[in-house]
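The structure under discussion appears below in the form of structure tokens.
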2 protein chains.
Amino acid sequence: MKYSQATDYALHAMLYLVAEAPDKPVSVQLLAEKLGVSQTYLSKMLTKLVKAGLIHSVSGANGGYKLKRNQDDISFLDVIQAIEGNTSLFECSFHHDSACLIQQVVADAEQQMMHTLKSKKIADLVAHIPKQPHDRLT
Amino acid sequence: MKYSQATDYALHAMLYLVAEAPDKPVSVQLLAEKLGVSQTYLSKMLTKLVKAGLIHSVSGANGGYKLKRNQDDISFLDVIQAIEGNTSLFECSFHHDSACLIQQVVADAEQQMMHTLKSKKIADLVAHIPKQPHDRLT
DNA sequence: TCATTCGCAGACTTATCGTATCTATAATAT
DNA sequence: ATATTATAGATACGATAAGTCTGCGAATGA
Ligand code: SF4
Ligand code: SF4
């Protein structure tokens with residue numbers, strides 16, 4: 001049970017967008033090269049980020065992606081949920097009359113995690129990184 | 001990104017073991033019937049619980065499974081980790097020199113969740129359930 | 001205007017993992 | 001001994017993740 005690799009890519013891409021050029025659009029070509037992943041595949045994740053309202057896309061020549069909100073508003077939770085969805089870790093297919101106590105317990109615990117992930121902003125990491133998020137090799 | 005259905009089965013099985021017969025062994029046949037899942041499949045999860053030290057198995061006629069520890073010592077986290085493993089939600093394949101800040105953030109958040117799951121005991125739910133954990137239908 | 005550059009969307013293939021079954025084996029009570 | 005029960009391995013199936021290919025539409029600039 002792990003976050004998908006797509007989340008990994010998305011986090012690194014956001015990290016780059018925040019650290020490098022908050023205003024100027026960055027092409028998927030450059031991002032894909034930095035992360036060592038194909039353009040078409042990475043674009044799927046970036047599109048998800050767009051639909052989640054985290055970034056903004058501009059078509060045409062010299063286009064690319066740039067941040068939509070203030071960079072301090074973008075949390076880890078935002079990125080993770082944009083990719084992984086916002087379904088609970090525990091969801092039973094069988095619905096019965098009384099409320100499910102098991103789901104309740106897991107949901108409560110998950111809420112703790114989400115709270116922490118929401119408080120952590122992408123920009124928080126940038127400060128600790130010398131120049132820019134390193135290129136991924138794998 | 002969801003817990004596997006096996007975790008669902010394991011939780012319900014543990015719930016039954018705690019609620020019904022903490023001492024007398026319960027056969028996988030009975031448990032499987034209650035949960036609506038095949039014996040051979042459920043046995044795999046129960047074996048994992050055995051290896052995790054949560055329950056004890058006794059072979060032979062009138063055998064089955066019974067709790068190993070005190071029932072108040074068995075937390076949700078114990079069961080979940082027995083099935084899902086204890087790997088972090090976020091693990092990058094690429095290891096570089098400096099520590100990974102992303103993994104750090106997610107691990108911290110996950111720790112919050114684990115703390116809650118550890119404080120919640122299986123026995124806590126039994127008190128709220130009228131007679132016994134209901135049979136699963138699906 | 002026209003061609004180039006770019007993001008977007010859908011169909012598609014492949015790999016991986018969860019789910020589930022079957023069978024054989026070992027251990028224990030009667 | 002025989003029936004009963006857990007355990008382990010091999011195997012098959014299905015769902016989802018991972019990745020590719022292709023065409024379309026929007027914007028730029030020459
Ligand atoms: S108690 Fe919760 S997990 Fe169990 S069958 Fe009911 S809804 Fe599903
Ligand atoms: S920063 Fe972390 S997630 Fe990114 S490549 Fe390095 S180890 Fe992997």
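Predicted model, so just to flag it, every value in this text is computed and none were measured. Chain naming here is simple, since letters A, B, ... match the order of the sequence lines and numbering starts at 1 in each.
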Give one of base, sugar-phosphate or nothing for [X], where a contact means two heavy atoms less than 4.0 Å apart.
X       : answer
A/Lys51 : sugar-phosphate
B/Thr40 : base
B/Gly63 : sugar-phosphate
A/Val37 : nothing

Side-chain N or O of [X] versus OP1/OP2 of [N]: is the shortest distance under 4.0 Å?
X       : N      : value
B/Ser4  : C/dT19 : yes
B/Thr47 : D/dT7  : yes
A/Tyr9  : D/dA17 : no
A/Ser57 : C/dC8  : yes
A/Lys2  : D/dA18 : no
A/Tyr41 : C/dC12 : no

Answer yes or no: is there a side-chain heavy-atom contact under 4.5 Å between A/Val37 and A/Leu31? no
Could you tell me if the side chain of B/Ile83 sits less than 4.5 Å from the side chain of B/Met45, heavy atoms only? yes
Would you mind telling me which of D/dT22, C/dC6, C/dT19 lies closest to the side-chain atoms of A/Gln29? C/dC6
Let's see if you can work this out: which of C/dG7, C/dT19, D/dG9 has an atom nearest to the side-chain heavy atoms of B/Ala6? C/dT19
Check this for me: does the side-chain of B/Lys44 come within 3.5 Å of the base of D/dG9 through a donor and an acceptor? yes
To the nearest Å, how far apart are [X] [atom1] and [N] [atom2]?
X       : N      : atom1 : atom2 : value
A/Gln39 : D/dG23 : CD    : P     : 17 Å
B/Leu30 : D/dT4  : CG    : P     : 16 Å
A/Lys24 : D/dT28 : NZ    : P     : 12 Å
A/Lys48 : C/dG7  : NZ    : C1'   : 17 Å
A/Lys68 : C/dG7  : NZ    : P     : 17 Å
A/Leu31 : C/dC6  : CG    : P     : 12 Å
B/Leu42 : C/dT21 : CG    : P     : 11 Å
B/Leu46 : D/dT5  : CG    : P     : 14 Å

With no hydrogens and no angle check, do the side chains of A/Ser88 and A/Gln103 hold a donor and an acceptor under 3.5 Å apart? no
Atom NZ of residue position A/Lys120 - does it have more than 12 heavy atoms of other residues, nucleotides or ligands inside 6.0 Å? no
Using a strict threshold of under 4.0 Å (side-chain N to carboxylate O), is an ion pair present between B/Asp78 and B/Arg69? yes
Under a single-linkage definition using a 4.5 Å side-chain heavy-atom cutoff for Ile, Leu, Val, Met, Phe, Trp and Tyr, are B/Leu46 and B/Val58 assigned to the same hydrophobic cluster? no
More 5' along DNA chain C: A/Ser59 or A/Met1, using each one's nearest nucleotide? A/Ser59
On DNA chain C, does the nearest nucleotide to B/Glu84 precede the nearest nucleotide to B/Ala61 from the 5' side, or the other way round? Give the residue. B/Glu84
Along DNA chain D (nearest heavy atom to each residue), the more 5'-positioned of B/Asn62 and A/Ser38: B/Asn62
